[in-house]
Amino acid sequence: MTLKPYKAYNINMKQGEQKMINTKKEDKKRKIPQFLRTKKVLPIINDEEAKAKELKDMLSDTAEKRGDIANVEG
Amino acid sequence: MSIEGEKKEQGLDGLKKIREFIDLAILKRKGKQEMKISEVVEDFGKDLPEELKLKLEGEYRRLKEKIPVEESLKEEVEFAGRNIREGYMDERLEIPNKAFANMDLISKVDELFEEEPQIDDLKKVAHVYFDLNGLKAANDLGSHGLGDEYLALAAGAIKSEEVKEVAKRHGIDPDYIVCREGGGDEFGVTLKSDKPIEEEALSEFIETAQSVLWNNEKVANVLDFDNPEVVAKFAGVSIDEIKEGFGNDLDKFKEAHNIPKDYKYKGAISAGASRIYDALLDDKIKDKNTVKVSDSYEKILQRVMGATFDTSDAQMAKNKKEFKKNLAEGEVGDDFSGPEEKKRAVLDAKMLSRVYTRTEEEKELVEKLQNRNKLIADIKDFIGAGGDAKGVQQMIERAKELMQ
């Protein structure tokens, strides 16, 4: 690990501090009651890995199809 | 000069005049002041989102090739501008509509495929679906104009600076466009980022929008609990009751009906999201929207769009149900600076639940009444057409059930 020059380190410290202050401010702003909080915003995917593999084949096929269109247009 | 010679001379003269005319036309055409694109957009595309302005610019370029007369061109561009506005903008809220949302998502997915994405890149485009709670209450207890104001406040919360700031911090393009996705209380945005959008970013995005709306004091004007008419409607009595029974003392009336005297209505919005990745892997929409190898590229884009809308919609519906359950149970949590603030949150939950339940009960009663009236009309038709006594009896039994 290379040590950063003091100045850069100092700037980073300041940025870090700033970030912490910002986060605190945002937390205060984002205060909402529990009933409004959304626990899960995305759907839960079962067998994600196996499905992702299937999706990979679909993607290469789509890329080919897009290429075909580009060739016709070109 | 002979007559023949004179005719020839006149002919030459005529041709000369035509030549002069053509030269003049060419000269004028060259020097013609053309409408600048910026002026076209300023005149006919005011307040349109950037994408629609580009669409209008495209229309202008196409029309300019065909119509050389300035006045006719202006008319046609104006017509095109009107068509774009009618086709892609919500008339009441003056924000983009579902047709625009479709175009927005499809173009972002196309951009994504242009980059020849890997699996993880499918997380770079996400659709967030919002559903505003309590619009019916605002319309029924307040008025339709106030319902529109509530919708505008919700759209404003989604595109507020605070929410844009969250988007920016997570690398999401902050120039996302809020669309009214349906004629009711649904809104949506399609987000795009240069890196995969993680669930944490979407959570913060949604929560900030919810917080901005929840803390917007203007929502209290949408359903003003200091307005005797609103309070009387909420309590289910005539406004005269406040005057006759309580000597016009609104606070006493509120107390008698268990309405806290300083209660302020608050805005709540439910949401769910889906990235292209989630949409294509989601089981629930598999039969309907899964991409097939035999599909054309256009069909693939449409299926990806359908899947993404369906998945985010389903997640939103799930979250809305959970929100209503938590609200009814008064789950306020412990994220408060003191007991007063917590007390206020419990009160908000209790009142909001009452407002929603009241409107739902009213909705059910109206539906019951409509069904009953329809059945009575059916019985009349049945008897008129010479229906037998047994059939009439069955219908009467059904009517009795509905009246309970």
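Proteins come first, then strands; the chains are lettered A, B, ... in the order of their sequence lines, and each starts at number 1.
Taking the side chain as every heavy atom from C-beta outward, B/Q315 and A/L42 never approach each other to under 4.5 Å. For the pair A/Q34 and B/N326, the minimum side-chain heavy-atom distance is 4.5 Å or more. The shortest distance between side-chain heavy atoms of B/E199 and A/V41 falls below 4.5 Å.
Proximity to chain A (any heavy atom under 4.5 Å) is restricted, for B/A271, to the backbone atoms N, CA, C and O. In this structure, chain A has a heavy atom under 4.5 Å from the side chain of B/I206, while its backbone stays farther away. Using a 4.5 Å cut-off between heavy atoms, B/L122 contacts chain A through its side chain alone, with no backbone atom that close.
Taking CG from A/L36 and OG from B/S270, the interatomic distance works out to 7.5 Å, rounded to the nearest 0.5 Å.
Between A/P43 and B/T311, the shortest heavy-atom distance links the atoms CG-CG2, 3.4 Å. When all heavy atoms are compared, the tightest approach of B/L281 to A/I45 is CB-CG2, 3.7 Å. Between B/Q210 and A/T38, the shortest heavy-atom distance links the atoms NE2-OG1, 3.4 Å.
The residue among B/S274, B/S312, B/A273 with the most heavy atom pairs within less than 4.5 Å of chain A is B/A273.
Using cut-offs of 30° and 60° on the angle between ring planes, the pair A/F35 and B/W214 is perpendicular.
Distance alone, capped at 3.5 Å, is enough to place a donor-acceptor pair between the B/N319 side chain and the A/K40 backbone.
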